[in-house]
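Take a look at the structure below.
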Amino acid sequence: MIIRGKVIKYGDDINTDVIFPGRYLAITEAEEMAKHAMEDLDPDFLKKVKERNILVAGKNFGCGSSREQAAICLKYAGVKAIVARSFARIFFRNAINQGIPIVESPKAIEFINDGDEIEIDLERGEIKNLSTGKTFSFKPLPAFIRDIINAGGLVESMKKRLSKS
Amino acid sequence: MGKTIAEKILARASNREDIEAGDIVEAEVDLAMSHDNAALVSKVFGEIGAEKVWDPSKIVIILDHRVPANTIKSAEGHKTIRQFVKEQGIENFHDIGEGICHQVLPEKGYVKPGMLIVGTDSHTTTHGAFGAFSTGIGATEMACVWATGKLWLKVPETIKIVINGKLKEMVMAKDVILHIIGEIGSDGANYKAIEFYGEVVDEISVASRMSISNQAMEAGAKVAIVPFDKKTEEFLKNRVKGKMEPVYADEDASYEDVLEFEVSDLEPQVACPHKVDNVKNIREVTGIPIDQAVLGSCTNGRLEDLAIAARILEGKKIQDRVRMIVIPASREVYIEAIRKGYIETFLKAGATIINPGCGPCLGAHQGVLASGERAISSTNRNFKGRMGSPDSEVYLASPATVAASALKGEIADPREVLK
């Protein structure tokens, strides 16, 4: 899978409560969740994400709650991929299960600026910064995880698995 | 080579002889817990085309996040869950009023040492206090666990944390774990298992160990295990059915790191806005005015937490400008607190008691903060907007510090108040 887009960049420790505040947890429709994405972090996020749909962040992205709404709201707001120095473990799993391409790369944060256009090759483990011409590599996710992402998330991959058995 | 507790439990759960940190296994889950978000899980369960849950006796649902329902939306969610458990024959369902899932799960005897437990709540790490491998997962994964009973897991590296010394009066397990998080950082144990040892761990109660295993999640821990001992056995023996099969680490187990903490001189600790690892000694923050004091949550709403607060508030009045909210962690804790007179003490002191549940911890209801307001709280997160307005502030501290601060109307050292 190859993803190309412009970048919105954030810092370290972006937590689930600012990605999706607890006051909206009773919402069950994904489109409705998307309206509150990043509400407590960046009031302009929904405007920005129309033009730029790859997030780049520092360490421990998605720390805090197990709320899958944090991944769901980003997906339905239009985020196509997330690149971070590191992810908190439950968010990491939730993002994969929602089919969001996710890249752990300690170098990316240094070489990508807010607004840059980048291209990510998930299979090869390579990010090209089209704005600066720099290219750098990352360790690709294991094949079975890439399969979940390629299927569009765990629901789709599980559907296939259950219908076969 | 020797094995850690996490490696041994995951080897057993995945029917593998020899596994080590870094391996990916497909494990069979012993217990799957959800709370109000079971509404979302059941929706996904339908979407994947599943019809019957794999084993209704291994699924537990406890409503605690928005109880009693605060909005029509929450009420609809609860209704969906009640229908689902009926259709699926899930008997382990605890409706509103029983308490917080992480308190009720061990109280009702669901938790045993050596188990693989998953829950749709990050603080599922709490049950590590009973020697279980217990961790949080998302709603979609839980729907798949409900359907198949299985989950892929990466076998985590383990950090051994040894806590030695003797805690001073009014210094609690909460202060110890906040101090540790302050030292190792909010991702200091990300993806890792922790095993806790040392004089302090041996000495403290099961309730205190639950505080530590619960709050350890805020350093990113996947599981936070206190090895099973006589105290754990004493707590569980009249609650659980069947044999307990504790799992211990081998003498020569391989740890990624060994961290030692000597806490004999530790003062009360406070995690300042808006990060749990922004931890300071109490004397650096005393005098900061507060609007609300919250005593409760899955971290610190147990009987010993209410006891120490009642000792501080006995015969006294909290400041008029402070709203103190007390939330017993469960029905069992609530009844015992009434018997012991703590609830009367809180009411006479001017506090408001609310029903067992998560209360205002996650900013959904029952005491959310307005803009510009500041709370001191025995809960586990102080993220921006966590307890209400994004322009409010939450300071995390022990139940003793929360009670002392309510009394003074500002962040206060519980040792000073008792003098």
Side-chain angles (χ1 to χ4, degrees), chain A residues 12-19 21-30 32-33 39-41 43 58-72 85-99 142 144-145 148 153-163 165, chain B residues 24 36-37 39-40 43-44 47-50 65-66 69-74 76-77 80 119-124 135-141 143-144 147-148 152 154 156 185-187 190-191 217-218 220-222 274-277 361-365 368 381 383-388 390:
Chain A
D12 290 339
D13 296 311
I14 303 301
N15 70 70
T16 52
D17 283 68
V18 295
I19 299 172
R23 55 189 177 274
Y24 303 121
L25 281 176
I27 296 173
T28 47
E29 299 75 26
E32 210 40 50
M33 291 175 199
E39 191 170 296
D40 286 356
L41 177 72
K59 72 173 177 73
N60 208 20
F61 187 89
C63 60
S65 163
S66 65
R67 63 187 68 159
E68 195 159 335
Q69 289 88 338
I72 299 171
R85 186 186 292 272
S86 66
F87 292 90
R89 64 162 284 273
I90 304 179
F91 182 88
F92 182 78
R93 295 183 75 110
N94 284 341
I96 291 163
N97 293 335
Q98 285 300 321
F144 83 98
I145 291 181
I148 296 174
L154 188 60
V155 167
E156 291 307 314
S157 88
M158 199 66 186
K159 254 191 206 168
K160 281 183 203 154
R161 186 169 151 184
L162 288 179
S163 66
S165 64
Chain B
I24 288 173
D36 305 37
N37 65 9
L40 183 58
K43 185 172 167 240
V44 181
E47 283 169 14
I48 59 177
H65 269 51
R66 292 172 298 277
N70 57 332
T71 60
I72 296 170
K73 223 156 177 86
S74 299
E76 295 291 347
T80 303
T120 47
D121 189 278
S122 57
H123 293 107
T124 304
T135 193
I137 60 172
T140 301
E141 291 202 306
C144 297
T148 66
W152 72 265
K154 191 167 165 188
S186 63
D187 62 347
N190 195 16
Y191 303 114
M217 195 281 145
E218 302 310 321
K222 183 172 193 167
H274 296 290
K275 286 183 172 187
V276 184
D277 59 3
C361 174
L362 70 155
H365 66 151
V368 295
R381 291 202 175 114
F383 300 155
K384 192 177 175 214
R386 170 73 180 179
M387 213 178 265

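Letters A, B, ... mirror the listed sequences (proteins, then strands); counts begin at 1. Everything numeric in this text was worked out from a predicted model, so none of it was measured.
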Test: B:K73 and A:E32 ion pair at under 4.0 Å: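 Looking at B:K73 and A:E32, the cut-off is not met.
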Result of checking A:L41, A:D40, A:V18 against B:P390 for side-chain contact (heavy atoms from CB on, under 4.5 Å):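 For B:P390, the side-chain contact (heavy atoms from CB on, under 4.5 Å) test succeeds with only one of A:L41, A:D40, A:V18, which is A:D40.
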Less than 4.5 Å to any heavy atom of chain A: does that hold for the side chain of [X], its backbone, both, or neither?
{"X": "B:K43", "answer": "side chain"}
{"X": "B:L362", "answer": "both"}
{"X": "B:T124", "answer": "neither"}
{"X": "B:A143", "answer": "neither"}
{"X": "B:M217", "answer": "side chain"}

I'd like to know which of [options] tops the heavy-atom pair count under 4.5 Å against chain A.
{"options": "B:I24, B:T140, B:T135", "answer": "B:T140"}
{"options": "B:R381, B:K154, B:E47, B:H365", "answer": "B:R381"}
{"options": "B:A139, B:A364, B:G49", "answer": "B:A139"}

Distance from [X] atom [atom1] to [Y] atom [atom2], nearest 0.5 Å?
{"X": "B:F383", "Y": "A:I19", "atom1": "CZ", "atom2": "CD1", "result": "10.0 Å"}
{"X": "B:I137", "Y": "A:I90", "atom1": "CD1", "atom2": "CD1", "result": "9.0 Å"}
{"X": "A:R23", "Y": "B:T71", "atom1": "CZ", "atom2": "OG1", "result": "14.0 Å"}
{"X": "B:D121", "Y": "A:S65", "atom1": "CG", "atom2": "OG", "result": "7.0 Å"}
{"X": "A:R89", "Y": "B:S122", "atom1": "CZ", "atom2": "OG", "result": "10.0 Å"}

Where B:G138 and A:E68 come nearest, the two heavy atoms and their spacing: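 That would be C-OE1, 3.3 Å.
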Pairwise side-chain contact, B:T148 with A:M158, heavy-atom cut-off 4.5 Å (strictly under):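 When only atoms from C-beta onward are counted, A:M158 and B:T148 do touch, with a gap below 4.5 Å.
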Listed partners of A:K59 passing side-chain contact (heavy atoms from CB on, under 4.5 Å), at least two apart: A:D12, A:D13, A:R85, A:S86, B:S186, B:D187
Chain B: which of [options] shares the most heavy-atom pairs with it under 4.5 Å?
{"options": "A:N94, A:L154, A:I72", "result": "A:L154"}
{"options": "A:F87, A:F91, A:Y24", "result": "A:F87"}
{"options": "A:E156, A:R93, A:K159, A:E39", "result": "A:R93"}
{"options": "A:P142, A:G64, A:G22", "result": "A:G64"}

Part of A:Q69 within contact of chain B (heavy atom distance under 4.5 Å):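 The answer is the side chain of A:Q69.
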Part of A:I145 lying under 4.5 Å from any heavy atom of chain B: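 Looking at A:I145, just its side chain touches chain B.
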Contacts of type side chain to side chain donor-acceptor pair (under 3.5 Å), residue A:N97, not counting sequence neighbours: B:E141
Main-chain N/O of A:A88 paired to B:Y191 side chain as donor or acceptor, under 3.5 Å: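 Checking the backbone N and O of A:A88 against the side chain of B:Y191, no donor-acceptor pair under 3.5 Å is found.
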